[in-house]
Amino acid sequence: MLDIEGTTCPTSFVSDTLFPYADTHLEGFLNEHREKNEIQSLIDEAWGEWQADTDPSSKDLLSKALRQNSSEIENICSYLHHLIAIDRKSSALKDLQGRIWREGYQKGELCSSLYPETIEALSKLKQKDYVLAVYSSGSISAQKLLYRHTTNGDQTALFSHWFDTRTGNKKESKSYSDISIAMNIPVGNVLFVSDSYAECNAAEKAGMRVLFSLREGNPEQDPSGLQSNQRPQVSI
């Protein structure tokens, strides 16, 4: 089971291409599609998250929004931009980002780049009958878009399972237990690869084997005792 950012795809593509694209297209997308029930439901979900958000900066932003005579879209965009800036894992935001990216891919304005060895390595594992799964903070829709629109074509057929934060927080061990049940695979038979120590630690506590993705350019460079791809000792 694989994370995406910093594991199969450079963090720079996500931080320098995908996030800014969604950020700049957010308000226009919501204004264009707000009459659709699913988009209004996501706006309502984001409002609910905002009202329950205990972070002081989020609460201050909400107080200012309620005092201003701004439209609902302008207000909710201010909160979503705030979440993007602080890298908050919001399910409503991730869903909206995925929808915006879908339009970008369809228009040819986005094309995802994977690490050079990713496709070959995953293809070899697939040929050896390993079950490949994705668990990323990005929505399942966004995950599939990224693998469908790579510079080497559609790679979605490599994967059998897809999971995002609607399954559970990536830093909580229960999420990994739930995923093993959903895949019908014993938790100890799953190897999880991620560039996040907290995620690897949570998966390990659940009983999974883990491999820390240590790559140049990743924010985290210390496996802190976890096995990493720089000193792999986990056989698969």
Side-chain angles (χ1 to χ4, degrees), residues 2-53 55 57-58 61-62 65 70-114 118 134-156 159 162-170 195-196 219:
L2 301 154
D3 178 41
I4 295 179
E5 183 181 357
T7 301
T8 62
C9 172
T11 58
S12 58
F13 174 69
V14 178
S15 61
D16 299 343
T17 301
L18 289 184
F19 282 173
Y21 186 91
D23 201 23
T24 57
H25 289 77
L26 181 60
E27 187 168 348
F29 178 86
L30 290 179
N31 279 318
E32 182 179 353
H33 299 287
R34 65 173 304 172
E35 299 305 320
K36 297 178 180 178
N37 290 335
E38 64 267 26
I39 300 302
Q40 186 59 53
S41 293
L42 289 171
I43 293 173
D44 294 341
E45 182 179 347
W47 268 109
E49 290 182 13
W50 196 1
Q51 291 169 333
D53 195 333
D55 182 87
S57 59
S58 299
L61 192 62
L62 179 59
S70 301
S71 69
E72 179 187 40
I73 296 298
E74 289 174 324
N75 283 332
I76 203 62
C77 280
S78 69
Y79 179 58
L80 295 174
H81 288 310
H82 169 64
L83 295 183
I84 293 172
I86 64 175
D87 194 25
R88 174 80 64 80
K89 309 303 183 185
S90 158
S91 294
L93 172 61
K94 294 298 181 181
D95 197 321
L96 285 168
Q97 286 175 323
R99 293 169 188 268
I100 294 169
W101 292 330
R102 180 188 294 117
E103 288 195 352
Y105 284 115
Q106 290 173 343
K107 293 176 181 178
E109 296 173 352
L110 294 172
C111 183
S112 53
S113 298
L114 304 178
T118 293
V134 179
Y135 184 25
S136 173
S137 59
S139 68
I140 290 175
S141 173
Q143 296 169 21
K144 291 181 177 180
L145 285 169
L146 185 145
Y147 282 113
R148 184 174 294 123
H149 297 277
T150 79
T151 52
N152 296 101
D154 188 347
Q155 306 300 323
T156 54
F159 300 99
W162 308 81
F163 301 97
D164 60 17
T165 54
R166 293 192 183 276
T167 296
N169 190 310
K170 293 188 73 180
D195 67 320
S196 166

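Because only heavy atoms are used, hydrogens play no part in the values below, and waters and symmetry mates are left out as well, while side chains stay in.
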If I compare all heavy atoms of [X] with all of [Y], which pair ends up nearest, and what's the gap?
X: Val14; Y: Glu5; value: CG1-OE1, 3.7 Å
X: Leu18; Y: Trp101; value: O-NE1, 2.7 Å
X: Asp195; Y: Thr7; value: N-OG1, 3.5 Å
X: Ala142; Y: Gly98; value: CB-CA, 3.9 Å
X: Ala92; Y: Ala46; value: CB-N, 4.0 Å
X: Leu30; Y: Cys77; value: CD1-SG, 3.7 Å

Please round to the nearest 0.5 Å and tell me the distance separating atom [atom1] of [X] and atom [atom2] of [Y].
X: Ile84; Y: Gln97; atom1: CD1; atom2: CD; result: 5.0 Å
X: Ser91; Y: Glu45; atom1: OG; atom2: CD; result: 6.0 Å
X: Asn169; Y: Ser137; atom1: CG; atom2: OG; result: 10.0 Å
X: Asn37; Y: Glu35; atom1: CG; atom2: CD; result: 9.5 Å
X: Leu96; Y: Ser139; atom1: CG; atom2: OG; result: 9.5 Å
X: Leu145; Y: Glu103; atom1: CG; atom2: CD; result: 11.0 Å

Next on the checklist: Pair Leu146, Gln143 - check side chain to side chain contact (heavy atoms under 4.5 Å, CB included), show working.
Outcome noted: CA-CA 5 Å; Leu146 185 145; Gln143 296 169 21; 5.9 Å; no
Checklist entry - So, Tyr135 versus Thr167: side-chain donor-acceptor pair below 3.5 Å or not? => result no
Checklist entry - Does the side chain of Asn152 come under 3.5 Å of the side chain of Thr150 through a donor N or O and an acceptor N or O? => result no
Can you confirm whether [X] sits close enough to [Y] that some side-chain heavy atom of one is under 4.5 Å from a side-chain heavy atom of the other?
X: Arg102; Y: Ser141; value: yes
X: Phe159; Y: Lys144; value: no
X: Arg166; Y: Asp95; value: yes
X: Asp164; Y: Lys94; value: no

Item to check | Steps toward side chain to side chain contact (heavy atoms under 4.5 Å, CB included) verdict (Glu49, Arg88) | outcome: CA-CA 11 Å; Glu49 290 182 13; Arg88 174 80 64 80; over 6 Å; no
Checklist entry - Using the ring of each side chain (for Trp, its six-membered ring), is Tyr105 parallel, tilted or perpendicular to His149, with breaks at 30° and 60°? => result parallel
Checklist entry - Aromatic rings Tyr21 and His25: how do their planes relate, parallel, tilted or perpendicular, breaks at 30° and 60°? => result parallel
Checklist entry - Yes or no on side chain to side chain contact (heavy atoms under 4.5 Å, CB included) for His33 and Arg99, after CA distance, side-chain angles and deciding distance? => result CA-CA 11 Å; His33 299 287; Arg99 293 169 188 268; over 6 Å; no
Next on the checklist: Run the side chain to side chain contact (heavy atoms under 4.5 Å, CB included) test on Tyr147 and Leu114 for me, step by step, so that the C-alpha distance in whole Å, both residues' side-chain angles and the decisive distance to 0.1 Å come before the verdict.
Outcome noted: CA-CA 9 Å; Tyr147 282 113; Leu114 304 178; 4.1 Å; yes
